[in-house]
J.: 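This is the structure I want to talk about, given as structure tokens.
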Amino acid sequence: MYDEKESLWLQHGSKWPSDEDVPGFRETTSDFMAKCAIISNQVFSCFATALGFPEDYFCVANDVTQSDCLTQLRLIHYPPAENAAGTWRAGSHTDIGCLTLLFQRDGEDGLEICPGRESHTSFAMGDTFSPLPAKTGHIVVNIGDMLMAWSDDRLKSNFHRVRAKDVGKSPSRYSIAYFNQGRRGFVLQGPQKKYPAITVEEWFNQAVRRNFANQQAATVK
Ligand SMILES: O=C(O)CCC(=O)C(=O)O
Ligand SMILES: [Fe+2]
């Protein structure tokens with residue numbers, strides 16, 4: 001089943017809307033992304049220190065000034081819905097990268113979260129989800145699978161999903177997700193070396209293949 005949403009993805013090498021088409025968009029969005037990088041780095045510094053890495057370790061590994069950085073901003077729109085039982089705005093998933101900052105707006109609820117999962121190879125579904133009401137100005141911070149592997153599974157990625165109301169009308173929902181996804185060529189390995197050293201690029205490719213295979217298996221059941 002597909003997700004009922006549309007989104008604009010921005011990262012190194014993206015084609016931006018022109019200033020004639022959307023005046024001020026590039027400047028405003030770039031400023032916003034720079035602020036997201038600063039906040040992400042504050043969180044990364046805490047995690048790096050707690051894990052025994054140098055304080056700036058994850059900041060360097062996710063440095064958006066480097067052209068091989070896979071970090072991405074996604075501007076997401078979920079169209080209005082009515083009696084949406086059986087559909088998903090975003091099906092249950094964990095984020096694939098290191099750390100996500102998620103921005104929502106007042107009155108556009110629908111995000112549901114699940115506590116951190118146990119192992120980065122599982123793709124458990126059917127756990128208990130709790131709604132996280134949308135608040136303008138708040139930032140939801142999700143740990144992703146890459147950071148889970150990079151921390152030898154000590155920091156858990158968390159399942160989350162987005163739905164419209166089963167019964168009645170749901171307004172449009174706009175959200176913004178800033179995905180810290182590491183630098184392609186950076187070598188990823190936890191301090192305890194639980195998993196073999198691997199580049200971010202190769203880790204990403206493997207994770208996409210694994211998630212896709214698991215999703216296929218879950219759909220077939
Ligand atoms: O729109 C949201 O609130 C969640 C989006 C999300 O989880 C994602 O794009 O990975
Ligand atoms: Fe997500």
Side-chain angles (χ1 to χ4, degrees), residues 1-11 14 29 32-33 35-37 39-40 43-44 47 62 64 69-81 84 87-117 120 122-151 155-166 169-182 200 203-205 207-212 214-215 218:
M1 185 188 300
Y2 61 87
D3 291 345
E4 312 256 344
K5 68 174 167 192
E6 56 191 353
S7 55
L8 176 67
W9 300 16
L10 296 165
Q11 64 189 109
S14 291
T29 310
F32 181 74
M33 289 169 87
K35 286 183 185 151
C36 288
I39 294 167
S40 301
V43 181
F44 276 142
F47 284 156
N62 289 274
V64 273
C69 189
L70 299 171
T71 290
Q72 183 182 78
L73 187 78
R74 236 177 258 180
L75 307 175
I76 309 169
H77 172 233
Y78 305 89
T87 67
W88 293 102
R89 283 179 152 178
S92 168
H93 67 281
T94 50
D95 292 343
I96 204 168
C98 285
L99 193 76
T100 308
L101 306 185
L102 182 64
F103 300 82
Q104 313 178 78
R105 302 200 306 186
D106 287 339
E108 298 178 357
D109 293 342
L111 178 65
E112 298 179 345
I113 53 164
C114 194
R117 59 174 164 162
H120 90 297
S122 74
F123 203 76
M125 290 189 188
D127 292 304
T128 305
F129 282 80
S130 311
L132 195 72
K135 287 260 176 275
T136 303
H138 288 196
I139 308 175
V140 178
V141 180
N142 284 325
I143 290 170
D145 296 343
M146 193 185 291
L147 187 56
M148 184 161 163
W150 214 325
S151 68
L155 300 169
K156 310 290 189 197
S157 62
N158 66 306
F159 278 99
H160 52 283
R161 64 190 187 190
V162 184
R163 13 194 241 164
K165 286 193 201 119
D166 281 354
K169 290 188 178 181
S170 302
S172 255
R173 173 183 160 90
Y174 290 89
S175 64
I176 302 178
Y178 182 84
F179 297 104
N180 289 279
Q181 305 200 118
V200 163
W203 187 91
F204 224 96
N205 292 340
V208 169
R209 282 198 293 273
R210 185 173 59 237
N211 280 0
F212 187 70
N214 285 336
Q215 254 164 352

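In this chain, residues are counted from 1 in sequence order. As a basis for the values below, the full set of heavy atoms in this structure was taken, side chains included, without hydrogen atoms, waters or symmetry mates. We count ligands from 1, going down the list as the structure has it; atoms in each ligand are counted the same way. Note that the coordinates shown come from a computational prediction; the quantities given were computed from them, not determined experimentally.
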J.: Near the Fe ion (ligand 2), which protein N/O/S atoms are found at less than 2.8 Å?
T.: His93 NE2, Asp95 OD1, His160 NE2
J.: Of Val140, Thr100, Asp95, Leu132, which is the lone residue that meets side-chain contact (heavy atoms from CB on, under 4.5 Å) with His160?
T.: Asp95
J.: Checking side-chain contact (heavy atoms from CB on, under 4.5 Å) for the pair Gln181/Cys98: CA distance, chi angles, key distance, verdict?
T.: CA-CA 6 Å; Gln181 305 200 118; Cys98 285; over 6 Å; no
J.: Which heavy atom of Met146 sits nearest to which heavy atom of Val200, and what is that distance?
T.: CE-CG1, 3.8 Å
J.: What does the N/O contact table under 3.5 Å look like for ligand 1?
T.:
from: ligand 1; atom 1: 1 (O); to: Tyr78; atom 2: OH; distance (Å): 2.5
from: ligand 1; atom 1: 1 (O); to: Ser175; atom 2: OG; distance (Å): 2.6
from: ligand 1; atom 1: 3 (O); to: Arg173; atom 2: NH2; distance (Å): 2.3
from: ligand 1; atom 1: 7 (O); to: His93; atom 2: NE2; distance (Å): 3.1
from: ligand 1; atom 1: 7 (O); to: His160; atom 2: NE2; distance (Å): 3.0
from: ligand 1; atom 1: 10 (O); to: His93; atom 2: NE2; distance (Å): 3.0
from: ligand 1; atom 1: 10 (O); to: Asp95; atom 2: OD1; distance (Å): 3.1

J.: Dump the intermediate steps for side-chain contact (heavy atoms from CB on, under 4.5 Å) on Leu111 and Gln104, then the final yes or no.
T.: CA-CA 9 Å; Leu111 178 65; Gln104 313 178 78; 3.6 Å; yes
J.: In this structure, which one of Arg89, Glu108, Arg163 forms a side-chain contact (heavy atoms from CB on, under 4.5 Å) with Tyr78?
T.: Arg89
J.: When you check the side-chain N and O atoms of Asn180 and Asn62, is any donor under 3.5 Å from an acceptor?
T.: no
J.: Do the ring centers of Phe103 and Phe32 come within less than 6.0 Å of each other?
T.: yes
J.: Could you tell me if the side chain of Ile176 sits less than 4.5 Å from the side chain of Leu73, heavy atoms only?
T.: yes
J.: Just do the side-chain contact (heavy atoms from CB on, under 4.5 Å) check on Phe44 and Leu99 with the steps written out, would you?
T.: CA-CA 8 Å; Phe44 276 142; Leu99 193 76; 3.7 Å; yes
